[in-house]
Asker: 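First the structure, then my questions, so here it is.
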Amino acid sequence: MKEAIRVEHLYFSYEKGVETLKDISFNVNKGEYVALIGHNGSGKSTLSKLLCYLLPADKGQIFVDDIEVKEENESLLRKKIGIVFQNPDNQFIGSTVEDDIAFGLENRNIPREEMVRLVHEFASKVGMIKYLNKSPDELSGGQKQRVAIAGILALGLKIIIFDEATSMLDPEGVEDIKKLIMEMKKEDPELTFISITHDIEEAYISDRVIILNKGEIFLDGKPNEVFQKEDLLKSIGLDIPFIMKVKSSLKDKNVQIPNEINNIEELSDYLCK
Amino acid sequence: MKNVFGKLTPYNTVIHRLDSRIKMLALIGFMVICFLPYGNYANRFIILGILFAIILVIMAIAKCSFLSFLSNLKSLWFMMIFLLIIFVFVPQAGDTSSYHPIVTFPNGYQIYYEGLFQSLHVFFRLVMMIALTLILTSTTPPMEMTYALEWFLTPLRIIKFPTQVISMTISLALRFIPTLLDEANKIMKAQKSRGVDYEKGFLTKKIKSVTTLIVPLLSSCFSRSDELSLAMNARGYEPYGKRSSYRILKIGRNDIVALIIVFIIVAAFSTMCYFTQNVAGYDNFLHLWFGIGAF
């Protein structure tokens with residue numbers, strides 16, 4: 001499988017002497033859905049900004065789709081990687097939904113007929129076609145994030161970073177966005193997602209979990225493997241998903257649960273057998 | 001937003017559908033003929049009366065609410081008093097020998113009809129300007145005005161004036177007005193719950209309580225703009241780069257008809273202005289024809 005992102009020995013600090021990121025190295029394959037978790041101040045958001053060249057790295061290299069992340073390649077990078085931020089209001093640039101989806105396309109100097117086609121195609125893909133001429137104050141947070149996602153997809157970007165994109169949404173909005181991610185993944189297996197999140201349950205449904213602690217990679221692996229290490233996670237104050245908690249308490253009571261069972265429905269079916 | 005402009009009305013009249021550039025041109029044209037001099041005061045009031053009637057007809061076509069027009073005028077009473085004081089009570093400069101005094105005080109100080117008429121004249125012009133801007137703002141979304149403004153500024157591109165940057169700035173400002181109003185409301189509620197009183201107290205106390213609103217609002221403004229700039233950067237925005245435009249402005253048949261009508265009106269009033277100014281004997285034509293006293 002081809003690499004979408006390769007990070008080699010990355011260092012970054014905002015102030016001298018305080019390293020925000022220390023010797024970070026990892027690869028992300030194309031089509032992977034990676035959850036990046038860690039406490040506030042662990043460097044997650046900084047890492048996402050470095051990946052998009054919104055901040056320049058101090059030391060080390062990043063390759064996005066084999067393009068090195070540096071100043072000369074900035075415009076090339078904008079055609080590879082996109083980011084959805086936390087606050088849905090602050091990234092809504094256009095005055096209406098269609099203007100906002102078109103914003104990135106306008107920046108690329110795409111002819112108008114093509115823009116209209118792309119705006120309609122991707123607005124319907126994220127389920128916002130009915131809201132094309134609505135202004136942001138008429139939309140919910142989840143809908144605004146959908147628009148942000150459509151804006152990125154319309155540009156044909158294959159790598160999308162969610163920088164706590166669901167943390168300001170209500171539970172319904174969160175479910176909405178999670179479902180949308182899953183749908184998009186099914187539709188285009190080439191899409192790579194990096195989701196920076198505090199939501200352990202979201203991390204659990206990803207393909208891979210990277211845990212950052214104090215600017216270093218603490219754990220990296222499949223969610224099932226990573227969340228097995230309950231004691232290690234507790235040592236840095238992170239929780240484990242609900243299903244893992246249930247499984248481990250059942251194990252303590254000598255109830256054997258097969259490893260393939262990964263969600264609540266399967267578990268309840270198994271227990272009721 | 002409704003405090004700043006007349007609120008956009010949700011109708012789909014002919015005026016709503018007109019191209020925003022035509023509407024802006026028409027506004028400028030009407031404002032110019034509002035401010036043209038039409039000879040003596042009798043002439044001025046009658047000609048401006050005709051113009052006001054035309055404006056009222058346009059308001060009716062655009063389904064402008066007469067109520068919001070009146071509420072806009074309500075804030076003018078202070079201005080009216082101010083104008084009256086300035087024009088009536090402040091001694092007139094220059095030669096006043098041909099003026100018509102209303103009262104003469106024992107010390108020789110006079111109040112003239114001319115002063116009264118002048119203040120009424122200015123007031124009348126202001127009322128018409130408000131009516132005109134109300135028609136524009138209640139029929140045109142703010143964004144369309146930005147597009148029109150950008151279009152009008154296009155010739156400046158020859159001297160490398162960054163017109164796109166200006167219009168982007170304006171459209172972002174317009175985009176964030178409701179968001180920031182919302183934020184201000186939230187902060188106000190939060191501060192009220194902590195015991196800040198925005199209504200009672202003397203001016204000094206009020207100013208103090210307003211700072212509890214302004215400081216957090218400004219700081220959130222800065223963090224918002226920071227994030228906004230990151231988001232724009234991430235989506236490949238280059239202020240001086242070549243951008244295509246999603247919105248296009250199209251001139252239709254109605255727009256041309258409207259332009260011609262506006263042109264005819266402007267031409268007619270300019271002609272009247274010319275005749276009342278320059279042609280001998282026409283200066284007092286209303287006086288001659290209708291026997292209205294010439295001032």
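Chain letters run A, B, ... following the sequence lines, proteins first and then strands; every chain starts at 1. Remember, predicted model here, so these are calculated numbers, not experimental data. Values below: every heavy atom of this structure, side chains too, minus hydrogens, waters and symmetry copies.
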Asker: Is it the side chain or the backbone of B:Met143 that comes within 4.5 Å of chain A heavy atoms, both, or neither?
Answerer: side chain
Asker: For B:Thr179, is it the side chain, the backbone, both, or neither that has a heavy atom closer than 4.5 Å to a heavy atom of chain A?
Answerer: side chain
Asker: Would you mind checking which part of B:Leu172 comes under 4.5 Å of any heavy atom in chain A, side chain (CB onward), backbone (N, CA, C, O), both or neither?
Answerer: side chain
Asker: Which one of B:Ile248, B:Thr146, B:Leu228 has the most heavy-atom pairs closer than 4.5 Å to chain A?
Answerer: B:Ile248
Asker: For atom OH of B:Tyr240, is the number of surrounding heavy atoms from other residues, nucleotides or ligands below 6.0 Å larger than 12?
Answerer: no
Asker: Please flag which part of A:Lys49 lies under 4.5 Å from any non-hydrogen atom of chain B: side chain, backbone, both or neither.
Answerer: side chain
Asker: Using non-hydrogen atoms only, which part of B:Arg224 is less than 4.5 Å away from chain A: side chain, backbone, both, or neither?
Answerer: both
Asker: Within the 3.5 Å criterion, strictly below it, is a donor on A:Thr96 or A:Asn133 matched to an acceptor on the partner's side chain?
Answerer: no
Asker: Under 4.0 Å between a side-chain nitrogen and a carboxylate oxygen: does that hold for A:Asp207 and A:Lys185?
Answerer: yes
Asker: Taking the six-membered ring where the residue is Trp, are the ring centres of A:Phe103 and B:Tyr246 under 6.0 Å apart?
Answerer: no
Asker: Are more than 12 heavy atoms from other residues, nucleotides or ligands located less than 6.0 Å from atom CD of B:Glu238?
Answerer: no
Asker: Report which part of A:Ser135 has an atom under 4.5 Å of a heavy atom belonging to chain B: side chain, backbone, both, or neither.
Answerer: neither
Asker: After noting the C-alpha distance and the side-chain angles of A:Gln145 and A:Gln91, does the key distance pass the side chain to side chain donor-acceptor pair (under 3.5 Å) rule?
Answerer: CA-CA 9 Å; A:Gln145 295 299 56; A:Gln91 52 186 320; 3.1 Å; yes
Asker: Mind ranking B:Ser245, B:Gly241, B:Ser225 by heavy-atom pairs under 4.5 Å with chain A and telling me who comes out on top?
Answerer: B:Ser245
Asker: Pick one of side chain, backbone, both or neither for A:Glu98, based on which atoms fall under 4.5 Å of a heavy atom in chain B.
Answerer: both
Asker: Using heavy-atom distances under 4.5 Å, tell me whether A:Asp100 contacts chain B through its side chain, its backbone, both, or neither.
Answerer: both
Asker: Between A:Phe92 and A:Lys144, is there a cation-pi geometry (under 6.0 Å to ring centre, at most 45° from the normal)?
Answerer: no
Asker: Are A:Glu8 and A:Ser25 linked by a side-chain donor-acceptor pair shorter than 3.5 Å?
Answerer: no
Asker: Chain B: which of A:Val119, A:Leu155, A:Ile152 shares the most heavy-atom pairs with it under 4.5 Å?
Answerer: A:Val119
Asker: So what's closer than 4.5 Å to chain B heavy atoms on A:Asp137: side chain, backbone, both or neither?
Answerer: side chain
Asker: Quick one: what part of A:Leu157 sits under 4.5 Å from any heavy atom of chain B, side chain, backbone, both or neither?
Answerer: neither
Asker: Go through the side-chain N and O atoms of B:Thr140 and B:Lys23 and say whether any donor and acceptor fall under 3.5 Å apart.
Answerer: yes
